[in-house]
Asks: 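Before anything else, here's the structure in question.
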Number of protein chains: 2
Amino acid sequence: MSQQRVTYTPESLLRVAVELFNERGYDGASMGQLAEAAGITKSSIYHHVRGKEDMLRLALERATGVLFALLDEPDATTGRAIDRLRYVVWRATEVLIEELPYVTLLLRARGNTETERWALDRRRELDHRVADLVARAAAEGDLRADIEPRLAARLLFGLVNSVSEWYRPGRSGAGPRQVGEAVAAVAFDGLTA
Amino acid sequence: MSQQRVTYTPESLLRVAVELFNERGYDGASMGQLAEAAGITKSSIYHHVRGKEDMLRLALERATGVLFALLDEPDATTGRAIDRLRYVVWRATEVLIEELPYVTLLLRARGNTETERWALDRRRELDHRVADLVARAAAEGDLRADIEPRLAARLLFGLVNSVSEWYRPGRSGAGPRQVGEAVAAVAFDGLTA
DNA sequence: GTCTATACCGTGATAGAC
DNA sequence: GTCTATCACGGTATAGAC
């Protein structure tokens, strides 16, 4: 709740803000609540950032940044489409967990503000690139034929992104890598023994 | 946008409200916007419902209602656990699509208000009942052993619920039944050919 | 770099006329 | 059943002292 810290940088304040945004929703979170969580007054916040939406922008830029970066990694750009796809699914899950608060915020953006609409555009771009990979894997005959590639891509995204709904860093067992492996295993091979 | 309708019932107003809540988010949607979408003034809204949160309550009651009902259907309560589970996954997807706006609202509830916290409790109850089914199927040896049942249950929910992120009623191809079958197919057998 | 004080606006909600 | 008029409140943001 209350912070010991005497001074803030934009980054350290952003961390507090993003956590609050995820707890209450961006619209549901007020600058008063942020001030309380940060242990400073509302006015002081404006010394570090331009305003509420500015913090949202910084967070969404970070989230889209890490996701685009993963698509350019060597294992995502070389080899058979099905293998690249499997790597992307695993790695996207891992990245999602590593940058959980930021990516969660991205996944919840609804397009209410200019910043959110920009982020949704970037997300659509990401989706499109992965959908291409799915289509390629399907064309190479490595995906089951009874599910059309568009639908397959959506289910893949859904499975990966849904991790943000329940994963909590402190808690127990599976880390980013293990969850990523589980997601890829279920997506491609299914839950059945 | 504007409505021809001269008068509203609580139900018909609720439909407009839920659509708006899903577009802008519950917190992001204002009574002024609802008035505009409904083609009446803010004040008139209060003739039909007690207020904003009252409409949220009605919507979330409906969503939890249909989901609980599905768990009591014959195919969900008799037979081998793996078969019941497969039925629940397929049927939950179908119900989610049939009641898309209401279930979507439920899936986005974050616990900001008393109503949302009540809904989250009910959802946890639902999750628990399905998780039990997963554990039973695992105990009967019908689920792969390298993924623990808790995680398997979460991925199952995630896959089903993620449909609310992209499914749009008017659009093309797959209907509720087909999507439900695809979700169950991917969840249990995977995407690989 | 943070504070107090305050401007200004949109919010959910109510009263009472028609 | 819907309207106009209005309310109290909390929202983001700014000014200026320390």
Side-chain angles (χ1 to χ4, degrees), chain A residues 1-60 105 109-117, chain B residues 1-60 105 109-117:
Chain A
M1 293 300 182
S2 61
Q3 303 282 115
Q4 312 269 25
R5 176 190 295 274
V6 283
T7 188
Y8 277 102
T9 65
E11 282 72 28
S12 65
L13 182 60
L14 184 63
R15 211 167 44 228
V16 180
V18 168
E19 190 182 1
L20 182 70
F21 290 166
N22 279 323
E23 250 174 47
R24 322 274 303 187
Y26 175 72
D27 286 306
S30 77
M31 296 296 269
Q33 291 167 343
L34 174 57
E36 192 181 3
I40 57 178
T41 60
K42 279 194 288 179
S43 317
S44 299
I45 295 172
Y46 293 87
H47 181 76
H48 305 288
V49 294
R50 292 193 193 186
K52 192 183 179 187
E53 192 170 356
D54 191 42
M55 292 185 282
L56 182 63
R57 204 202 76 237
L58 290 168
L60 296 181
L105 215 50
R110 299 264 78 91
N112 283 358
T113 67
E114 197 51 52
T115 301
E116 288 195 344
R117 282 188 287 276
Chain B
M1 294 301 181
S2 61
Q3 303 283 115
Q4 312 269 24
R5 175 190 295 275
V6 283
T7 188
Y8 276 104
T9 63
E11 280 74 26
S12 65
L13 182 60
L14 184 63
R15 211 167 43 228
V16 180
V18 168
E19 190 182 0
L20 182 70
F21 290 166
N22 279 322
E23 250 175 45
R24 323 275 302 189
Y26 175 72
D27 286 306
S30 76
M31 295 297 269
Q33 291 168 342
L34 174 56
E36 192 181 3
I40 57 179
T41 60
K42 275 197 293 178
S43 317
S44 299
I45 295 172
Y46 292 88
H47 186 264
H48 305 289
V49 294
R50 294 194 192 184
K52 195 183 178 185
E53 192 170 354
D54 191 41
M55 291 184 282
L56 182 63
R57 204 202 76 234
L58 289 168
L60 296 182
L105 216 49
R110 301 262 76 93
N112 282 358
T113 66
E114 196 52 50
T115 301
E116 287 195 345
R117 282 189 287 277

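No hydrogens, no waters, no symmetry mates; every other heavy atom, side chains included, goes into these values. Each chain gets a letter, A, B and so on, in the order the sequences are listed, and its residues count up from 1.
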Asks: With a 4.5 Å limit on heavy-atom distance, are the side chains of A/Leu20 and A/Val16 in contact?
Replies: no
Asks: Is any side-chain heavy atom of A/Tyr46 closer than 4.5 Å to one of A/Met31?
Replies: yes
Asks: Is there a donor-acceptor pair under 3.5 Å between the side chain of A/Arg117 and the backbone N or O of A/Gly111?
Replies: yes
Asks: A/Ser30 side chain N/O closer than 4.0 Å to the phosphate oxygens (OP1, OP2) of D/dG11?
Replies: yes
Asks: Does any N or O donor sit under 3.5 Å from an N or O acceptor when you compare the side chain of A/Thr7 with the base of C/dT2?
Replies: no
Asks: Base, sugar-phosphate alone, or nothing: which one does A/Ala29 contact when heavy atoms must sit under 4.0 Å apart?
Replies: sugar-phosphate
Asks: To the nearest 0.5 Å, what is the distance between CG on B/Leu14 and CG on B/Leu34?
Replies: 10.0 Å
Asks: Could you tell me the separation between the CZ atom of A/Arg24 and the P atom of D/dG10, rounded to a whole number of Å?
Replies: 14 Å
Asks: Tell me: CG of A/Asn112 to P of C/dT11, nearest whole Å?
Replies: 12 Å
Asks: Identify every side-chain donor-acceptor pair in residues 49-60 of chain A under 3.5 Å, counting partners at least two apart or on other chains, and give the distances.
Replies:
from	atom 1	to	atom 2	distance (Å)
A/Lys52	NZ	A/Tyr26	O	2.8
A/Lys52	NZ	A/Ala29	O	2.7
A/Glu53	OE2	A/Thr113	OG1	3.2
A/Glu53	OE2	A/Thr115	N	3.3
A/Glu53	OE2	A/Thr115	OG1	2.8
A/Asp54	OD1	A/Arg57	NH1	2.4
A/Asp54	OD2	A/Arg50	N	3.2
A/Arg57	NE	A/Glu61	OE2	3.1

Asks: Take atom NZ of B/Lys42 and atom C1' of C/dG16, then tell me their distance rounded to the nearest Å.
Replies: 17 Å
Asks: Measure the distance from CG on A/Leu13 to P on C/dG1 and round it to the nearest whole Å.
Replies: 12 Å
Asks: Quick check for you: to the nearest 0.5 Å, what is the distance between B/Leu105 atom CG and B/Glu19 atom CD?
Replies: 12.0 Å
Asks: Tell me if the side-chain of A/Thr41 makes a donor-acceptor pair with the base of C/dT4, cut-off 3.5 Å, by modelled atom types.
Replies: no
Asks: Measuring from atom NE2 of B/His47 to atom OG of B/Ser43, what distance do you get when rounded to the nearest 0.5 angstrom?
Replies: 12.0 Å
Asks: Give the residues of residues 45-58 of chain B touching DNA chain D, defined as any heavy atom closer than 4.0 Å, sorted by residue number.
Replies: B/His47, B/His48
Asks: Out of C/dA13, D/dC3, D/dA13, which has the shortest distance to the side chain of A/Met31?
Replies: D/dA13
Asks: Between the base of C/dA5 and the side chain of A/Ser43, is there a donor and acceptor pair under 3.5 angstrom?
Replies: yes
Asks: Rounded to whole angstroms, how far apart are CG on B/Leu34 and P on C/dG10?
Replies: 18 Å
